[in-house]
Amino acid sequence: MKAKDGNGTGARAHGIVVMGVSGTGKTTLSERLGAQLDCPVLEGDAFHSAENVAKMRTGHALTDADRWPWLDRLGAAIGKTARNGGTAIAACSALRRVYRERLRAAAGVPLYFVFLDTDAQEIARRMNGRKDHYMPPSLLDSQLATLERPTADECALTLDAGLPPETLAAQALGWVKGA
Ligand SMILES: Nc1ncnc2c1ncn2[C@@H]1O[C@H](COP(=O)(O)OP(=O)(O)OP(=O)(O)O)[C@@H](O)[C@H]1O
Ligand SMILES: O=C(O)[C@H](O)[C@@H](O)[C@H](O)[C@H](O)CO
């Protein structure tokens, strides 16, 4: 299943989802991948309802029930975008296995998950360094408690989020092209 499309990442429409808890660098890596592959990038944060954003802004963690419609919307958009152009990149926390399964079902195209993992201290440092984001650092503990790291059967690559973005992009692209 390795035939190539225009940008060399596979014959069939597919999505690359950069996942991980808030502040690990999903948006940063997604934008870099989108620029390198010359393909569209979907920002998962933009698919949240106003109610979800208000909840997080006021320091309340989302529940599964809050997340299902968001995952369905984002997954459908990944599928639609990929079917138009071959590859779609998305930044999405996708913290639990069932969330990743939900995204796959809604997308209807194969999804490659790139999981950004690093220690809580570094994530807190990054979250505290942002001044213009709705997500308060106080929600980091609940993000980490909800996280289910992807397992070997999930078509997922775990990367050390402490590495520079250009190294992460090279590792992610090398994996997707060879998968
Ligand atoms: N590889 C990296 N090395 C050092 N700093 C990084 C790296 N990637 C991102 N950052 C910085 O960390 C902060 C969080 O990055 P970013 O917004 O991309 O994370 P995110 O996972 O998309 O966050 P959220 O899910 O909360 O939107 C930003 O200030 C960004 O510049
Ligand atoms: O599932 C979740 O709890 C949410 O998607 C959060 O992770 C944030 O939306 C995102 O990371 C922005 O900080």
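The figures here come from the full heavy-atom set of this structure, side chains too, leaving out hydrogens, waters and symmetry mates. Start at 1 and go down the list; that is how both ligands and their atoms are numbered. Position 1 is the first residue of the sequence; numbering continues from there.
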With I16 as partner, the option from L111, V41, V176 fulfilling side chain to side chain contact (heavy atoms under 4.5 Å, CB included) is V176
Please report which non-hydrogen protein atom sits nearest to [atom], along with the residue it belongs to and the distance in Å to one decimal place.
{"atom": "atom 17 (O) of ligand 1", "result": "R130 NH1, 3.1 Å"}
{"atom": "atom 26 (O) of ligand 1", "result": "S22 OG, 2.6 Å"}
{"atom": "atom 9 (C) of ligand 1", "result": "T28 OG1, 3.3 Å"}
{"atom": "atom 13 (O) of ligand 2", "result": "S22 OG, 2.9 Å"}
{"atom": "atom 19 (O) of ligand 1", "result": "G25 N, 3.0 Å"}
{"atom": "atom 14 (C) of ligand 1", "result": "G23 O, 3.7 Å"}
{"atom": "atom 5 (O) of ligand 2", "result": "S93 OG, 3.0 Å"}
{"atom": "atom 6 (C) of ligand 2", "result": "Q143 NE2, 3.7 Å"}

In ligand 2, which numbered atoms sit nearer than 4.0 Å to a non-hydrogen atom of [X]?
{"X": "D45", "answer": "8 (C), 9 (O), 10 (C), 12 (C)"}
{"X": "M135", "answer": "6 (C), 13 (O)"}
{"X": "K26", "answer": "11 (O)"}

Compare all side-chain heavy atoms of [X] with those of [Y] and state whether any distance is below 4.5 angstrom.
{"X": "I78", "Y": "F47", "result": "no"}
{"X": "V98", "Y": "W68", "result": "yes"}
{"X": "W175", "Y": "L159", "result": "no"}
{"X": "E51", "Y": "D66", "result": "no"}
{"X": "R12", "Y": "V109", "result": "no"}
{"X": "M135", "Y": "S93", "result": "no"}
{"X": "L173", "Y": "Q36", "result": "yes"}

Ranking H48, R67, K55 by closest non-hydrogen atom to atom 9 (O) of ligand 2, top hit is H48
If you compare M127, R126, Q143, K26 by their heavy atoms, the one closest to atom 7 (C) of ligand 1 turns out to be R126
Enumerated ligand 1 atoms positioned under 4.0 Å from heavy atoms of [X]:
{"X": "H133", "answer": "24 (P), 26 (O), 27 (O)"}
{"X": "T27", "answer": "18 (O), 20 (P), 22 (O)"}
{"X": "A161", "answer": "1 (N)"}
{"X": "L168", "answer": "1 (N)"}

Answer yes when K26 and D45 have at least one side-chain N-carboxylate O distance shorter than 4.0 Å, and no when they do not.
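Not counted as a salt bridge, because no side-chain N and carboxylate O are separated by less than 4.0 Å.
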Would you mind checking if R104 and E101 are paired as a salt bridge, meaning a charged N to carboxylate O distance below 4.0 Å? no
(request) Check whether any heavy atom of S93 sits under 4.0 Å from an atom of ligand 1. (result) no
**Report entry** Any N or O of R130 closer than 3.5 Å to N or O of ligand 2
**Finding:** no
Please indicate whether any nitrogen or oxygen in W70 is less than 3.5 Å from any nitrogen or oxygen in ligand 2.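 No, there is no polar N/O contact under 3.5 Å.
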Between ligand 1 and [X], is the shortest N or O to N or O distance under 3.5 Å?
{"X": "E122", "value": "no"}
{"X": "L163", "value": "yes"}
{"X": "E43", "value": "no"}

Worksheet item: For the residue pair H48 and W70, does the interplanar ring angle fall in the parallel (under 30°), tilted (30 to 60°) or perpendicular (over 60°) class?
Response: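 Aromatic pair H48/W70 classed parallel.
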Between the main-chain N or O of E148 and the side-chain N or O of R97, is there a donor-acceptor pair closer than 3.5 Å?
no
CD1 of I89 to CG of L33, rounded to nearest 0.5 Å, is 5.0 Å
Point to revise | side chain to side chain donor-acceptor pair (under 3.5 Å) evaluation trace for E43 with T27 | key: CA-CA 7 Å; E43 173 52 63; T27 300; 2.8 Å; yes
